[in-house]
Structures are given as structure tokens and as C-alpha cells.
2 protein chains.
Amino acid sequence: MSPYDPSAFPPFGVTVDLVVLTVRRHALCALVVRRGEPPFQGRWALPGGFVRGDEDLAAAAARELAEETGLCAHDPASPASANGAHLEQLATYGDPQRDPRMRVVSVAHLVLAPDLPAPKAGGDAHGARWASVADLLGQEAGFGREGEQSGPLAFDHARILADGVERARSKIEYSSLATAFCPPEFTVGELRRVYEAVWGVALDPRNFHRKVTGTPGFLVPSGGTTTRQGGRPAQLFRAGGATVLNPPMLRPEV
Amino acid sequence: MSPYDPSAFPPFGVTVDLVVLTVRRHALCALVVRRGEPPFQGRWALPGGFVRGDEDLAAAAARELAEETGLCAHDPASPASANGAHLEQLATYGDPQRDPRMRVVSVAHLVLAPDLPAPKAGGDAHGARWASVADLLGQEAGFGREGEQSGPLAFDHARILADGVERARSKIEYSSLATAFCPPEFTVGELRRVYEAVWGVALDPRNFHRKVTGTPGFLVPSGGTTTRQGGRPAQLFRAGGATVLNPPMLRPEV
DNA sequence: TCAAAAGTGTTTCACATACACCCATGC
DNA sequence: GCATGGGTGTATGTGAAACACTTTTGA
């Protein structure tokens with residue numbers, strides 16, 4: 001048999017799942033939707049859906065993202081669009097048992113977005129919310145967390161989320177992707193709090209400031225300043241053209 | 001419509017394609033097979049084939065690898081096996097037009113293997129060979145290359161190969177993966193020539209030696225020495241347990 | 001004796017860390 | 001004034017780059 005005999009393939013469903021990350025109130029959060037039907041009815045899951053027959057994988061991910069959040073994906077391959085979030089392919093999950101009903105291969109994508117008002121529960125989702133990644137992954141042996149209890153994510157979505165978080169944690173080391181978590185204009189302190197939330201560490205504000213302002217192309221001053229609640233007004237910046245950071249930001253030892 | 005309604009999905013074929021890299025005669029080489037039938041009949045392509053209905057993606061990749069080369073994959077997730085090459089998922093390619101006959105989504109995998117005798121042309125392949133990556137990607141405005149002319153790779157395999165090469169180039173910076181290109185016992189010089197071939201640069205032998213022998217867990221001496229054609233005998237090493245290199249090997253500026 | 005490759009020592013410079021210190025605002 | 005966060009200066013340590021130098025073999 002030829003490796004590409006088109007008549008001899010088993011039937012596969014192909015979906016995209018989205019790991020949409022943002023930083024809210026000093027915590028790394030992911031977008032989850034409530035499943036309205038079995039299997040895993042009532043459980044939280046990553047947003048996603050089937051790839052259409054004439055649709056590229058990245059296009060399917062961008063469409064699902066728009067349906068869930070109204071965000072326009074800012075695919076590095078295609079030109080930028082307004083209010084663009086960063087979107088990239090993450091990995092593909094194809095365990096034969098991952099969906100109890102049929103064989104489904106899911107191409108997971110990673111989206112990094114600035115803090116958004118509230119997820120609109122339109123589209124397929126019966127409910128959507130931002131949930132703390134620490135809660136979702138149970139890395140926190142609950143010392144009296146308020147907030148909704150999540151329960152484990154549906155399907156293999158905990159694994160997918162963990163992979164997406166790890167990708168985000170490592171990519172902000174050597175790229176300027178952390179700015180994707182910020183609004184168009186932001187201060188050095190806001191950017192530092194992004195790093196602190198994603199990595200879960202505290203960084204020295206002085207050294208961080210020198211580092212990011214000294215890396216050419218990372219940040220460009222936008223001219224304005226912000227008035228803040230107590231404290232000296234901070235300079236506002238926009239993301240510069242640089243995409244790769246050399247030398248990288250160093251994540252402190254664990 | 002539910003995002004997981006199992007009856008509403010369009011038909012997809014799912015394949016795995018393999019970027020199998022090795023270092024031969026100081027050059028980074030990839031395994032390619034000759035296509036025996038249309039489309040792209042007679043052209044070179046990456047080895048690959050359909051995923052079976054009950055098969056995990058990594059298992060399908062390992063099976064194709066064994067069929068083409070006799071190598072046993074050494075999946076980090078599963079226990080090691082003899083003569084193990086490194087295997088990891090690379091990326092997934094799903095452009096609706098990438099296969100002219102039907103909708104095929106290909107989950108590409110990356111394999112790093114030590115220098116092997118010669119590819120066995122068994123399995124599906126009508127012919128198989130190691131080809132220089134520089135030739136395959138046409139990064140070399142041919143100054144009288146002998147050797148077989150390749151022509152462009154079939155499908156979008158040039159893109160997949162380029163992505164795999166870039167992955168390998170960056171991963172050997174911060175991991176001990178370069179040892180996957182070496183036989184079980186090797187010298188520091190051999191390891192250095194791996195880095196030089198993959199990166200296409202020259203490295204200082206003195207600093208390289210200090211760096212790799214000084215990184216704990218990267219190399220462990222196996223006791224023996226090699227006699228070489230002219231030159232002082234070199235100490236033999238095996239790969240140590242470390243998988244991540246800290247601090248990383250630094251790739252010289254381009 | 002010479003070529004070739006292995007391995008060591010030393011200098012210099014870039015950069016990360018730590019922390020003292022000043023600046024500009026609200027209360 | 002004082003708390004709060006923004007921003008600068010400076011010492012110290014680690015490690016990469018460059019390169020002189022020694023070691024050990026084959027021819």
C-alpha cells in the first residue's frame with residue numbers, strides 16, 4: 001500500500017482546541033467553557049471545535065477564538081489586525097481513547113491575550129469564564145480558595161493546558177511575547193507583573209527595568225505617562241519590532 | 001451545533017511525516033524516499049504514512065521509523081529501547097490544498113539519529129537515501145555540487161523539513177539532544193563536529209571542551225580512549241543523565 | 001621531527017545580581 | 001511628612017570569547 005493511498009485511511013475527526021491565556025489580578029488565567037452535553041457534561045473544558053473542510057488549521061483556531069472572545073488573532077504569518085492577540089500552534093493530541101465516542105485528533109493552539117473585560121458566552125459555549133491556571137491544574141493544595149470550584153478539565157485538556165502554560169513560560173524568556181499580555185500601551189511595571197504572574201516568581205524591579213529598556217527593539221516609548229494610585233508616574237511604552245530577545249530574560253531558579 | 005458533535009465532522013486523512021536527521025561526513029542530512037506514484041511521482045519526499053485507527057500519533061511515527069530505518073524510537077515518555085533515536089512531535093500541517101487529492105492533515109515528527117550505515121529501502125519506499133539538508137532546501141547556490149540532484153521535495157515537505165531543522169538547531173542549544181546524533185560512545189571532538197554541522201559554524205575546540213565537560217550530567221567518561229589518525233587519543237564519553245543544559249550552549253551570531 | 005588533534009591556563013569583557021540611592025506623585 | 005512605586009548608579013561574581021601553551025599520538 002502506498003503511504004498516501006487516499007482510499008485506505010481510517011475516519012478521523014480533526015478539531016482545534018485553544019489555550020487562551022491572560023493575566024488578571026496578578027494571576028495567570030485561562031479561558032474555559034462549560035460543556036453543555038455529554039461526555040463530561042457540566043465540566044469545564046478548553047474552547048474549541050471541528051475544523052471545517054476547506055479551512056486551514058490556523059484559520060479554524062482564529063475563528064473559534066473570535067467566536068468565544070471577539071478577539072482577532074494576530075498570526076505572525078498574516079498581517080496584523082486590530083486588537084490582535086498572539087496565536088501559535090501548540091501541539092497535536094491524538095490518543096485513540098481521548099474522546100470516548102470516536103477517534104478525534106486535536107490540534108491545540110496557544111493564544112496570549114491582554115486582560116479582557118469578560119468572556120462573552122456566545123457561540124457554542126453554554127458558559128465561559130477566566131479561571132486561574134493554578135486552580136485548574138490543582139497546583140495549589142487549596143488553602144481556602146474562594147471562587148468557583150472547577151473540578152478537573154474534560155478530556156485531556158489538563159494536559160493540553162499544562163503544555164500551553166509551559167510553552168508560554170519558556171517563550172517569554174527569549175522572545176518579546178510577554179507584551180502580548182499587555183494592552184497596546186503599558187508601563188514597565190505592568191510588563192514586570194506579567195512576567196511575575198506567568199513565572200510565579202518575584203523579580204527585582206530595578207534590574208528588570210534596566211534590562212527591558214536596554215534591549216534594543218523590545219520597547220519603544222509612546223511619549224505619555226500614567227498617573228497611578230500612589231507613586232511616581234510611569235512612562236508608557238509600546239511593543240517594539242523585536243521578536244527575539246538577545247540576551248534572554250532569565251527566569252530565576254526554582 | 002456542539003463543538004464535538006461526532007456526526008458532523010468532515011472526512012480527514014491523518015498521516016505522520018518524519019524529519020529524520022543525522023550528521024554524515026560533517027554535514028546535516030535528512031532521510032528522503034522516492035515517491036513511486038502520483039502525485040509528485042519520482043520526486044523525493046519525507047517518509048511517512050497514515051495513522052492507523054487504533055494507534056497513537058507517537059506510535060505511528062515510531063512504526064514508520066522502524067519500517068524505514070530499523071531504528072527503535074526512544075520516546076522520552078516511554079522507556080528507552082536499544083539503538084534508540086530521539087523522537088518528538090514537531091508540528092502539524094493542515095493546509096486544505098497540501099495534498100491535491102483529498103484533505104490530509106499531517107502530524108510531523110522529528111527524529112535525531114546517529115550516523116547509520118545506509119537506509120534500507122524496505123517498507124513503502126521505492127528508494128531511500130540520506131540527502132544533505134543544504135541541498136534539499138536549496139540554501140546552496142550550487143557551486144558544482146556532485147551527488148544526485150534532488151529537485152524540490154514533494155508536497156509541503158520542504159517547509160516541514162525547514163521547521164524540523166530549525167527545531168533541531170535551537171534544541172541543541174539548551175538540551176543535551178546533540179548526543180542523539182552520536183553513537184553510544186563518542187569523543188568531545190565528535191560532539192563538537194555535530195554542533196558545527198547542525199549550526200553550520202566553526203566552534204573553538206578549547207572552549208567547547210571546557211564547556212561540555214564542565215556541565216554536570218552532560219557527559220560521563222566511559223573510561224576508554226580512541227586512537228585516531230594523527231593526534232592525541234581522546235577520552236570516550238557517554239551521554240549523561242542531564243536533559244537540559246544550564247547554562248546553554250551559545251550559538252555564535254550569524 | 002613534524003603534523004594533528006586533545007586538553008589546560010589566563011586574560012578580558014559582557015552581563016546578571018544585589019542593593020544603595022534619588023525622583024515624583026497622592027494622601 | 002510619608003508611603004508608594006518609578007528609575008539610576010555601582011560593586012561583585014559568573015561565564016563566554018580569544019588565544020597562548022602543553023600533551024600525546026601517527027607518519
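Fair warning: this is a prediction, and the values are worked out from it, not measured in the lab. Per chain, numbering begins at 1; letters A, B, ... match sequence-line order. These numbers come from the heavy atoms of this one structure, side chains and all, not from hydrogens, waters or symmetry mates.
At the phosphate of D:dG6, neither OP1 nor OP2 sits under 4.0 Å from any side-chain N or O atom of A:H209.
Between the C1' atom of C:dA14 and the NZ atom of A:K211 lies a distance of 11 Å, rounded to the nearest Å. Put simply, CZ on A:R232 is 19 Å from P on D:dA3, counting in whole angstrom units. The nearest whole Å value for the distance from the CD atom in A:Q235 to the C1' atom in C:dC23 is 14 Å. A straight line from CG of A:N207 to P of C:dA20 spans 13 Å, rounded to a whole angstrom. C:dG7 atom C1' lies 10 Å from atom CZ of B:F237, rounded to whole Å. Note: CZ (A:F186) to P (D:dG6) measures 14 Å, nearest angstrom. What separates CG of A:N246 from C1' of C:dC15 is a distance of 12 Å, to the nearest Å. In this structure, A:L219 places its CG atom 11 Å from P of D:dG7, rounding to the nearest Å.
Counting non-hydrogen atoms of neighbouring residues, nucleotides and ligands closer than 6.0 angstrom, the CZ atom of B:R251 exceeds 12 such neighbours.
For B:E185 against B:E190, the heavy-atom pair with the smallest separation is O-OE1, 4.3 Å.
The base of D:dG5 is not paired with the side chain of A:R206 by any donor and acceptor separated by under 3.5 Å. Checked by distance alone, A:R192 brings no side-chain donor or acceptor within 3.5 Å of a matching partner on the base of D:dG6.
Toward the 5′ end of DNA chain D lies the nearest nucleotide of A:P233, the other residue of the pair B:P247 and A:P233 mapping further downstream. DNA chain D is contacted by both A:T213 and B:R210; A:T213 maps to the nucleotide lying nearer its 5′ end (nearest heavy atom per residue).
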Show me the donor-acceptor pairs within less than 3.5 Å that the side chains of residues 198-208 of chain B make with the rest of the protein, sequence neighbours left out.
unit_1	atom_1	unit_2	atom_2	d
B:W199	NE1	B:R169	O	2.8
B:D204	OD1	B:R206	N	2.8
B:D204	OD1	B:R206	NE	2.9
B:D204	OD1	B:N207	N	3.2
B:D204	OD2	B:R206	NH2	3.3
B:N207	OD1	B:R210	NH2	2.7

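Judged purely by distance below 3.5 Å, without hydrogens or angles, the side chains of B:Y93 and B:D17 never pair a donor atom with an acceptor atom.
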